Amino acid sequence: CEGPGVRRSGGRDTALRRAASLAAARGGRPPCARLPPPARGGTVRWSSAAKASAVKINEKASREKILTLESMNPQVKAVEYAVRGPIVLKAGEIEKELRKGIKKPFTEVIKANIGDAHAMGQRPITFLRQVVALCTYPNLLDSPSFPEDAKKRARRILQGCGGNSLGSYSASQGINCIREDVASYIERRDGGVPADPDNIYLTTGASDGIATILKILVSGGGKSRTGVMIPIPQYPLYSAAISELDAIQVNYYLDEENCWALDVNELRRSLNEAKAYCNPKVLCIINPGNPTGQVQNRKCIEDVIHFAWEEKLFLLADEVYQDNVYSEGCQFHSFKKILYEMGPEYYNNVELASFHSTSKGYMGECGYRGGYMEVINLHPEIKGQLVKLLSVRLCPPVSGQAAMDIVVNPPIPGEESYSQFIKEKESVLNNLAKKAKLTEDMFNKVPGIHCNPLQGAMYAFPRIFIPSKAIEEAKAHKMAPDMFYCMKLLEETGICVVPGSGFGQREGSYHFRMTILPPVEKLKILLEKVKDFHIKFLEKYA
């Protein structure tokens, strides 16, 4: 039907031709008879009547979508992740409006909702970036601009890569020499407690490891369905992964009146209640805490390990903030170390998965998605199943593995990069300690806000008083009261924080999570804005 003078002019003409063909097939004139002659230059011209007829036929020809909210996986629909939830989407809309010149009572959106250090202005650690650069572009190994200790590490990593290239797949468990470095790091950190590279699995950030272990742990149906005990407040990765796996979330509450301490009596209450409707077999611990910032003492960890041993629970220790400890008298103790020191009855029996990452600490390398997990006392047959599950995703990003290697194998005294490395590391951590204290002090000067000491991690989780009038208005907008508060804060000040309801909290209490990562001067401005907003909010809804 298309002669040499006719050419296609895009999707609309194609649809019109298809519609004409359908009409012909139903007994109308042949489609060629219905096509208008081409205009000069070969483009077909259609009359308004022909266009309307074709659109009508095309609408009839369309069918319902296979994938809809009703037909999609219900477990995926149940997933919620507050850190990047509705309030962050609203912040994105406001940013677009600001770029268009729409006037607001502020000039920028400050995203204090997520622990993304470099996005907040933190400078990368030079040595880490040097090694990753050398691994990425090995020609730089001949450059005098890079120190020899960085080149030495880069060569070792590249020798562990297929074809000496970062662009090749690695083994599913990760590059062998990096797993050896992780094991050596754990031994140094824990004062000589042995670590086996075969128990180390490199992961795509800590999140990948946590989700993978949960996936292999969840089983059963009805009252025998796996229950996963998580702290409340919690990091929403846990509730999201539990929803996706259709497991049972079992909440235990941290003690806000006691600086968010973990109480074993609360663990026992939670466990005993959960046994009525599920099979609790996993206990998740976040230390230092996110969003709450508490650092667990040795006695608390011993009590938790004894509880897990006694109740036959698989322990998950999320330790990604192990470098972020600020308060005097607080010290990070790994669960692995305490488990070992409690003796062979515990060390040889309690199943434990511990997690670390490049994203937090002093590195803040979130985008590399580097991480590892150490899993001990795993049944040998389950170990094979875990490796099989990991092999489905082939391997974690090899550049992230390289970054993780520098976290666990940094410059040591006597190497040329050591002085610069230690100076940068201490600068970041000292800055964070200063900002943790500043945030706590400023919040506690505001009427209607109470903030526990920020012992570690990189967030504040202050409790806020919300008047009953504001609670009623929030209900009218079908919002949780702290979501309503945080939306108002965003709309009036440009500050984006996450409501406590996204992390879990005791009923009747309200909080928000805010990162302390902005530079000190910007953090002071942010805290002053929150103070002014909160006072006005109380006045408005009193």
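Just so it is clear, the structure is predicted and the values come from calculations on it, not from any experiment.
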Peer 1: Quick one: list whatever passes salt bridge (charged side-chain N to carboxylate O under 4.0 Å, His left out) with E521, sequence neighbours left out.
Peer 2: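 Salt bridge (charged side-chain N to carboxylate O under 4.0 Å, His left out) list for E521, sorted by chain: K524.
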Peer 1: Throw together a table of side-chain donor-acceptor distances under 3.5 angstrom for residues 211-220, partners on residues two or more places apart or in other chains.
Peer 2:
unit_1 : atom_1 : unit_2 : atom_2 : d
T212   : OG1    : D208   : O      : 2.7
S219   : OG     : K281   : NZ     : 3.2

Peer 1: Do any N or O atoms from the side chain of N324 and from the backbone of G456 form a donor-acceptor pair under 3.5 angstrom?
Peer 2: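 Judged by distance alone, no pair lies under 3.5 Å.
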Peer 1: Mind jotting down which residue pairs meet the ring-ring contact (aromatic ring centres under 6.0 Å, His included) criterion with at least one end in residues 325-345? Sequence neighbours excluded, please.
Peer 2: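 Passing the test, one end in residues 325-345: Y340-Y347.
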Peer 1: Can a salt bridge be assigned to the pair E365 and R129 using a cut-off of 4.0 Å between side-chain N and carboxylate O?
Peer 2: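 Result for this pair is yes, salt bridge flagged.
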Peer 1: Closer than 4.0 angstrom, basic N to acidic O: yes or no for D532 and K536?
Peer 2: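 No, D532 and K536 are not salt-bridged.
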Peer 1: Please, which pairs that meet salt bridge (charged side-chain N to carboxylate O under 4.0 Å, His left out) have at least one residue in residues 262-271, sequence neighbours excluded?
Peer 2: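 The answer is E266-R269, R268-E310, R268-E311, R269-E273.
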Peer 1: Tell me, yes or no, whether the heavy-atom count around K531 atom NZ, taken from other residues, nucleotides or ligands under 6.0 Å, exceeds 12.
Peer 2: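 Result for NZ/K531: open.
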Peer 1: Looking only at heavy atoms, what is the nearest atom pair of I286 and P231, with distance?
Peer 2: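 Result for this residue pair: CD1-CG, 4.1 Å.
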Peer 1: May I have the list of side-chain donor-acceptor pairs in residues 470-481 shorter than 3.5 Å, sequence neighbours left out?
Peer 2:
unit_1 : atom_1 : unit_2 : atom_2 : d
E473   : OE1    : Y541   : OH     : 3.4
E473   : OE2    : Y541   : OH     : 3.4
H477   : ND1    : E473   : O      : 2.9

Peer 1: Output yes when a side-chain donor or acceptor of N258 lies under 3.5 Å from a complementary backbone atom of A261, and no otherwise.
Peer 2: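 Flag not set: sc N258 to bb A261 has no pair under 3.5 Å.
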Peer 1: For Q249, give me all partners under side chain to side chain donor-acceptor pair (under 3.5 Å), at least two apart in sequence or on another chain.
Peer 2: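 Once residues adjacent in sequence are excluded, the partners of Q249 under the side chain to side chain donor-acceptor pair (under 3.5 Å) criterion are N251.
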Peer 1: For S334 and Q322, test the side chains for any donor-to-acceptor distance below 3.5 angstrom and give the result as yes or no.
Peer 2: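 No donor-acceptor contact under 3.5 Å links the two side chains.
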Peer 1: What pairs of donor and acceptor atoms, side-chain ones from residues 483-490 against any protein atom, are under 3.5 angstrom apart with sequence neighbours left out?
Peer 2:
unit_1 : atom_1 : unit_2 : atom_2 : d
Y485   : OH     : H534   : ND1    : 2.8

Peer 1: Is NZ or CZ of R179 both nearer than 6.0 Å to the six-membered ring centre of Y201 and within 45° of the ring axis?
Peer 2: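 Here R179 fails the 6.0 Å and 45° test against Y201.
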Peer 1: Given N290, which partner from the list R513, K360, Q234 fulfils the side chain to side chain donor-acceptor pair (under 3.5 Å) test?
Peer 2: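 The option that passes is R513.
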Peer 1: Please report the closest heavy-atom contact between P288 and V325, naming both atoms and the distance.
Peer 2: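 Nearest heavy atoms, P288 then V325: CG-CG2, 4.2 Å.
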Peer 1: If you take all heavy atoms of G361 and L432, which pair is closest and at what distance?
Peer 2: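 It is O-CD1, 4.2 Å.
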Peer 1: Could you check whether R369 and S359, counting side-chain N and O atoms only, form a donor-acceptor pair closer than 3.5 Å?
Peer 2: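 There is such a pair between these side chains.
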Peer 1: Under the rule for side chain to side chain donor-acceptor pair (under 3.5 Å), what residues qualify as partners of Q455, not counting sequence neighbours?
Peer 2: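 Scan of Q455 (side chain to side chain donor-acceptor pair (under 3.5 Å), adjacent residues dropped) gives none.
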Peer 1: With K104, which residues qualify under side chain to side chain donor-acceptor pair (under 3.5 Å), at least two apart?
Peer 2: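 K104 satisfies side chain to side chain donor-acceptor pair (under 3.5 Å) with E97 only.
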Peer 1: With sequence neighbours left out, which residue pairs that include part of residues 315-339 fulfil the salt bridge (charged side-chain N to carboxylate O under 4.0 Å, His left out) condition?
Peer 2: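 As it turns out, the salt bridge (charged side-chain N to carboxylate O under 4.0 Å, His left out) pairs with a partner in residues 315-339, which skip direct neighbours, are K336-E374, K337-E341.
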Peer 1: Answer yes when E440 and K445 have at least one side-chain N-carboxylate O distance shorter than 4.0 Å, and no when they do not.
Peer 2: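 No, this pair does not count.
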Peer 1: Between the side chain of H450 and the main-chain N/O of F465, is any donor-acceptor distance below 3.5 Å?
Peer 2: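 No.
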Peer 1: Pairs in or reaching into residues 191-205: which pass salt bridge (charged side-chain N to carboxylate O under 4.0 Å, His left out), with residues at least two apart or in two chains?
Peer 2: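 Residue pairs passing salt bridge (charged side-chain N to carboxylate O under 4.0 Å, His left out), neighbours aside: D198-K383.
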Peer 1: Are side-chain N/O atoms of S501 and D482 paired as donor and acceptor at under 3.5 Å?
Peer 2: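 There is such a pair (donor and acceptor under 3.5 Å, judged by atom type) between the side chains of S501 and D482.
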Peer 1: Is there a donor-acceptor contact under 3.5 Å linking the side chains of Q331 and R298?
Peer 2: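 There is no such pair (donor and acceptor under 3.5 Å, judged by atom type) between the side chains of Q331 and R298.
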Peer 1: Minimum heavy-atom separation for R188 and P410, please, with both atom names.
Peer 2: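 For R188 versus P410, the nearest heavy atoms are NH2-CD, 4.3 Å.
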Peer 1: List the steps and the verdict of ring pair (Phe, Tyr, Trp, His ring centres under 6.0 Å) for F443 and F512.
Peer 2: CA-CA 12 Å; F443 273 146; F512 63 79; 5.8 Å; yes
Peer 1: List the atom of N113, the atom of V88, and the distance in Å for their closest heavy-atom pair.
Peer 2: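 Looking at all heavy atoms of both residues, the closest pair is ND2-CG2, 3.4 Å.
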Peer 1: Which heavy-atom pair separates F537 from P467 by the least distance, and what is that distance?
Peer 2: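 Where F537 meets P467 most closely, the heavy atoms are CE2-CD, 3.9 Å.
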Peer 1: Tell me which pairs pass ring-ring contact (aromatic ring centres under 6.0 Å, His included) where either residue lies in residues 257-301, with sequence neighbours left out.
Peer 2: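 Checked against ring-ring contact (aromatic ring centres under 6.0 Å, His included) - neighbours excluded - the pairs reaching residues 257-301 are W260-F461, W260-H511.
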Peer 1: Any side-chain heavy atom of N431 within less than 4.5 Å of one from V520?
Peer 2: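 In contact.
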Peer 1: Any chance you could measure Q296, atom CD, to N287, atom CG, to the nearest 0.5 Å?
Peer 2: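 If I round to the nearest 0.5 Å, the distance is 4.0 Å.
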Peer 1: Answer yes when E256 and R506 have at least one side-chain N-carboxylate O distance shorter than 4.0 Å, and no when they do not.
Peer 2: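 No, this pair does not count.
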Peer 1: Return the CD to CG distance between Q294 and N452, rounded to the nearest 0.5 Å.
Peer 2: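 Nearest 0.5 Å value for the CD-CG distance: 9.5 Å.
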Peer 1: Any side-chain to backbone donor/acceptor pair from D255 onto E257? Under 3.5 Å, distance only.
Peer 2: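 Yes, D255 side chain to E257 backbone: donor-acceptor pair under 3.5 Å.
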